[in-house]
Amino acid sequence: MKYQKMYEAGDKMITLIRDDYDLLQMLGSFGISLGFGDKTVREVCDAQGVDCYTFLAVVNYRINGSAEPESHDQVSVPTLMHYLEASHAWYLEFQLPFIRRELQESLNPDDSLGQLIMRFYDDYAHEIRRHMHYEQKTLFPYVDALVAGQPTGDYSIETFSRHHGAADKKLRELKLLIIKYLPHDSFHNNKLMAALHDIYANEEWLHQHAMVEDHIFVPAIRRLEQLARQNDVTRNISDMVFRGGSQQADALSEREKDVVIGVVQGMANKEIADHLCISTNTVITHRRNIARKLQIHSPAGLTIYAIVNGLVDISSVKL
């Protein structure tokens, strides 16, 4: 069910729970404890050290399904990281074992089909654990480094985004196997119905969790990466200005300087190649070497570099 209401900081926290009790698990993942009385969302978040904007962004997206935050710039990445890490811990340490116990109690241990169902579930659980452990060991440390302003290497949020997806195919197959092929006596049937209900709820939780990562977390990290790249350019330009730009200019070959001048003048790679009587592939190789040597990747950065190092006159540059 999709809700139309968008919750705001002035709404009472108890209203959110009354409207959708599934938010109780979310409160725990944000580190919000119960006992908040009639306080507003803002008052509860402030009292418990949770960024209110980020909390509401996740709440409204989870409830409405497509209500992305108005500004990803305002999302608190540390708050979101805490939420995601705590959600993983809850799912791996509580939810997966809980459903496994339910299935075990509802299946006949002497039934070979029941044993196959348990093996199927264990394969599914292994896949989920592998995916979440990857995020914990690779993605989250990368984001921590971004937040701290430290070098981030070759990894990027796009690497995660391209390979991201909830491992839900096995879960769908598991539901179908149970529904189609596991008749039981009334006692076991009731237990199996309860386990199946929780599996459906589990599938919906996983889907919503993946959507929060894709539509709130990933855009926020893209913004961090953009800021980090801008800071790198600024730092490199500062180095050129204050540490002797001519030494860096000398690090380029004469042909590489010619390529820089062509880029600054707005030429495409083929135009530079024709102007210098070299191949387009050679121009591309020169540009890669220039980027490697200077750690400057944008035409704007190369323009400032060329001006600082006297390769072009500022009056000849179109700003």
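Since the structure is predicted, the reported quantities are computational estimates derived from the model, not experimental observations.
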Counterpart residues, salt bridge (Lys or Arg N to Asp or Glu O under 4.0 Å), relative to Lys39 (two or more places apart)
none
Does anything in residues 99-121 pair up under ring pair (Phe, Tyr, Trp, His ring centres under 6.0 Å), and if so which pairs, sequence neighbours excluded?
Tyr121-Tyr124
Testing the basics here: between Thr280 and Ala273, what is the closest heavy-atom pair and its distance to 0.1 Å?
N-CB, 3.7 Å
Do you know the tightest heavy-atom contact between Leu311 and Ile261?
O-CD1, 3.8 Å
Contacts of Arg288 that satisfy salt bridge (Lys or Arg N to Asp or Glu O under 4.0 Å) - sequence neighbours left out:
none
Can you check whether Phe140 and His88 have ring centres sitting under 6.0 Å from each other?
yes
Provide the full list of ring pair (Phe, Tyr, Trp, His ring centres under 6.0 Å) pairs with a residue in residues 26-51, sequence neighbours left out, each pair given once.
Phe30-Phe55, Phe30-Tyr83
Listing request: all salt bridge (charged side-chain N to carboxylate O under 4.0 Å, His left out) pairs with a residue in residues 89-101, at least two apart in sequence or in separate chains.
Arg100-Asp122
Salt-bridge criterion met for Glu256 and Lys293 (N-O under 4.0 Å)
yes
Measure the spacing between CG of Leu174 and CD1 of Ile199 and express it to the nearest 0.5 Å.
4.5 Å
From CA spacing to verdict: side chain to side chain donor-acceptor pair (under 3.5 Å), Ser76, Thr54:
CA-CA 6 Å; Ser76 167; Thr54 305; 4.5 Å; no
Can you see which heavy atom on Ala220 is nearest to which on Val75, and at what distance?
CB-CG1, 4.2 Å
For Gln48, check side-chain contact (heavy atoms from CB on, under 4.5 Å) against everything at least two apart and list the hits.
Ile32, Ser33, Val44
Smallest separation among heavy atoms of Gly266 and Glu271, with atom names:
O-OE1, 4.2 Å
Any link between Trp205 and Phe94 through a network of hydrophobic side chains (Ile, Leu, Val, Met, Phe, Trp, Tyr) touching at under 4.5 Å?
yes
Give a yes-or-no answer on whether the side chains of Thr282 and Ser279 include a donor-acceptor pair shorter than 3.5 Å.
yes
Under a 4.0 Å N-O cut-off, is there an ion pair linking Arg119 with Asp123?
no
Nearest 0.5 Å, what's the CD1-CG distance between Ile178 and Leu192?
5.5 Å
Salt bridge flag under 4.0 Å for residues Lys257 and Glu254:
yes
Using 4.0 Å as the upper bound for N to carboxylate O, is an ion pair formed by Arg42 and Glu8?
no
